[in-house]
Amino acid sequence: MTRSATTVGVLVGDGAPMLEVAVAPRVFGIDQAGRGGPRFDVRVAGEYSRPLGTTAGISIGAPHPLDALDEAGLLIVPGWRPPTGPPVGADVLDLLRNAHRDGATVVGLCLGAFVLAEAGLLDGRRATTHWHYLAEFADRFPAVEVVDDALYVDEGTVVTSAGSAAGLDACLHLLRRDHGPDAANAAARALVVAPQRPGGQAQFVERPVPQFHTGDAVADAMRHAVEHLDDPALDVAGLAAVARLSRRTFDRRFRETTGCSPLQWLLHQRVLHAQHILSTTDLDIDAVARASGFTDGVAMRPHFRRIVGVPPQSYRVSFRTE
């Protein structure tokens with residue numbers, strides 16, 4: 001089967017989220033031919049020929065049958081119903097396998113990654129999906145190397161993305177990768193969005209502060225830490241002292257409570273605090289670092305980048321609250 005690099009197939013499932021369904025047709029539906037860019041033939045087909053339901057309660061009708069996607073050089077599954085819903089049909093799985101075998105790039109946005117995994121296209125590959133479903137994704141598909149801290153993962157002929165807006169990032173990335181930065185930048189301007197967020201950028205899922213139960217030694221230490229994050233002298237030994245436990249006992253009980261070490265948790269809380277300051281103030285990076293318990297910006301940056309995925313200044317640019 002001959003496939004065209006400018007034919008984009010969008011495969012919509014019954015019960016998919018409206019936002020995810022709209023992303024790919026909108027990005028690739030922008031006609032750039034007038035400026036020497038690509039003009040795509042976007043074909044939207046439904047899992048079923050009947051009207052499809054969406055999470056918004058709105059029914060939609062896909063204008064093309066499944067076989068209209070047989071010429072697509074780029075085939076996108078834009079979200080899907082939750083994995084507890086009806087199973088994916090054999091015709092959909094065969095369509096995806098055949099497309100990949102023919103050399104098409106196959107993409108799963110958000111829960112569309114589950115469909116690609118069901119087709120066996122993610123075995124032995126790195127992939128991501130919406131953060132809420134990452135654990136279930138890993139359990140159901142052990143042959144997939146699940147990436148839990150990325151907006152999208154590009155494995156060449158297979159691309160997956162995290163939820164909602166990350167699908168937009170993935171589509172702009174595909175435009176940039178296959179048709180050049182001018183095409184991606186033009187689409188971003190039309191959509192009034194940032195032209196590029198790196199795929200390795202974390203999904204920015206804030207981990208909430210744990211519920212502190214009065215009288216619990218570990219909870220008392222965690223409460224003390226959250227109230228004194230700006231104190232550079234605050235360390236694990238000090239938290240153990242607040243809990244009135246030996247360092248070894250405190251470490252063990254802390255891991256039992258949180259699933260991570262006290263040091264990991266403390267660093268994460270400091271970085272979360274730095275994120276908040278970066279997005280709500282104009283303090284310089286060194287001041288943000290000191291307010292979060294780091295000696296200066298140089299000491300904070302490697303921890304911030306490791307946990308968040310981007311440098312502090314890049315985070316501020318993306319998330320500064322006016």
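Source: prediction; values computed, not measured.
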Run the numbers on R301 and F294 for side chain to side chain contact (heavy atoms under 4.5 Å, CB included), then give the verdict. CA-CA 10 Å; R301 281 188 182 92; F294 298 99; over 6 Å; no
Under the side chain to side chain contact (heavy atoms under 4.5 Å, CB included) rule, what do H224 and L239 come out as? Steps first, then yes or no, please. CA-CA 8 Å; H224 177 84; L239 294 180; 4.2 Å; yes
Between V226 and R223, is the side chain to side chain contact (heavy atoms under 4.5 Å, CB included) condition met? List the steps. CA-CA 5 Å; V226 169; R223 184 188 303 108; 5.9 Å; no
Go through the steps to decide whether R244 and D220 satisfy the test salt bridge (Lys or Arg N to Asp or Glu O under 4.0 Å), and finish with yes or no. CA-CA 10 Å; R244 299 182 180 181; D220 288 345; over 6 Å; no
Give the intermediate values and the outcome of side chain to side chain contact (heavy atoms under 4.5 Å, CB included) for residues T105 and V107. CA-CA 7 Å; T105 296; V107 181; 4.1 Å; yes
Between E256 and R252, does the salt bridge (Lys or Arg N to Asp or Glu O under 4.0 Å) criterion hold? Intermediate values first, please. CA-CA 6 Å; E256 290 173 351; R252 176 177 54 79; 3.4 Å; yes
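Partner of M300 under the side chain to side chain contact (heavy atoms under 4.5 Å, CB included) criterion, chosen from I285, L267, V271: I285.
Here the side chains of L11 and I76 are not in contact, with every heavy-atom distance at 4.5 Å or above. In this structure the side chain of L229 never reaches within 4.5 angstrom of the side chain of S292, judged on heavy atoms. Using a 4.5 Å heavy-atom cutoff, the side chains of V288 and R316 are in contact. Side-chain contact between V159 and L174: present, with at least one pair of heavy atoms (C-beta onward) separated by less than 4.5 Å. The side-chain heavy atoms of V77 and L109, taken from C-beta on, include no pair separated by under 4.5 Å. Taking the side chain as every heavy atom from C-beta outward, P86 and R81 approach each other to under 4.5 Å. Residues V23 and C171 are in side-chain contact: their nearest non-hydrogen atoms beyond the backbone lie under 4.5 Å apart. Considering only heavy atoms from C-beta on, D148 stays 4.5 Å or farther from W131 through its side chain.
Of all heavy-atom pairs spanning P25 and V44, the tightest one is CG-CG2, 4.0 Å. The heavy-atom pair separating L172 from A184 by the smallest distance is O-CB, 3.6 Å. Summarising the geometry of R125 relative to L121, their closest heavy-atom pair is NH1-O, 2.8 Å, with the distance given to 0.1 Å. For the residue pair Q32 and A186, the shortest heavy atom distance occurs at OE1-CB, 3.5 Å. Between A166 and S161, the closest heavy-atom pair is O-CB, 3.8 Å. Here the closest heavy-atom approach between residue G46 and residue L66 is recorded as O-CD2, 3.4 Å.
Ring planes of H273 and H276: parallel class, angle under 30° (limits at 30 and 60°). By the 30° and 60° cut-offs, the orientation of the rings of W265 relative to F254 is perpendicular.
Looking only at distances, no side-chain donor or acceptor of T128 sits under 3.5 Å from a matching main-chain atom of V153. Between the R290 side chain and the T295 main chain, no donor and acceptor come within less than 3.5 Å of each other. In this structure, the side chain of D286 engages the main chain of G297 through a donor-acceptor pair within 3.5 Å. One N or O on the side chain of R177 and one on the backbone of G156 form a donor-acceptor pair closer than 3.5 Å. R97 contributes a side-chain N or O that, together with a main-chain N or O of A119, makes up a donor-acceptor pair within less than 3.5 Å. S279 places a side-chain N or O within 3.5 Å of a backbone atom of Q275 that can act as its donor or acceptor partner.
By the criterion of side-chain heavy atoms lying less than 4.5 angstrom apart, applied directly or through intervening Ile, Leu, Val, Met, Phe, Trp or Tyr residues, V298 is not grouped with L278; the two fall into different hydrophobic clusters. The hydrophobic cluster containing L266 does not contain V242, counting ILVMFWY residues as joined when their side-chain heavy atoms lie under 4.5 angstrom apart, directly or transitively. Note on L234: it clusters hydrophobically with M222, by side-chain heavy-atom contacts below 4.5 Å among ILVMFWY residues. Hydrophobic clustering (side-chain heavy atoms under 4.5 Å, transitive across Ile, Leu, Val, Met, Phe, Trp, Tyr) groups F304 together with L263.
Ion pair D251/R255 not flagged as a salt bridge, since none of the NZ, NE, NH1 or NH2 atoms sits closer than 4.0 Å to an Asp/Glu carboxylate oxygen. Salt bridge absent: D154 and R126 never bring a charged side-chain N and a carboxylate O closer than 4.0 Å. In this structure, R43 pairs ionically with D41, as a charged nitrogen and a carboxylate oxygen lie closer than 4.0 Å.
Expressed to the nearest 0.5 Å, how far CG of L116 lies from CG of L93 amounts to 9.5 Å. Taking NE2 of H100 as the reference point, atom CG of L95 lies at 13.5 Å (rounded to 0.5 Å). With rounding to the nearest 0.5 angstrom, the CD atom of E136 is 9.0 Å from the CG atom of L111. To the nearest 0.5 Å, atoms CZ (F114) and OG1 (T129) are separated by 5.5 Å. We find the OH-SG distance between Y133 and C110 to be 8.0 Å, quoted to the nearest 0.5 Å. Atom-to-atom distance recorded for L69:CG and H64:NE2 is 8.5 Å, nearest 0.5 angstrom.
Remark: the E71 side chain and the T2 side chain contain no N/O donor-acceptor pair separated by less than 3.5 Å.
Counting only residues at least two apart or in different chains, ring pair (Phe, Tyr, Trp, His ring centres under 6.0 Å) contacts with residues 10-40 comprise F28-F40, F40-H179.
Under a cut-off of 6.0 angstrom, the local environment of CZ in R39 is sparse, with at most 12 non-hydrogen atoms contributed by other residues, nucleotides or ligands.
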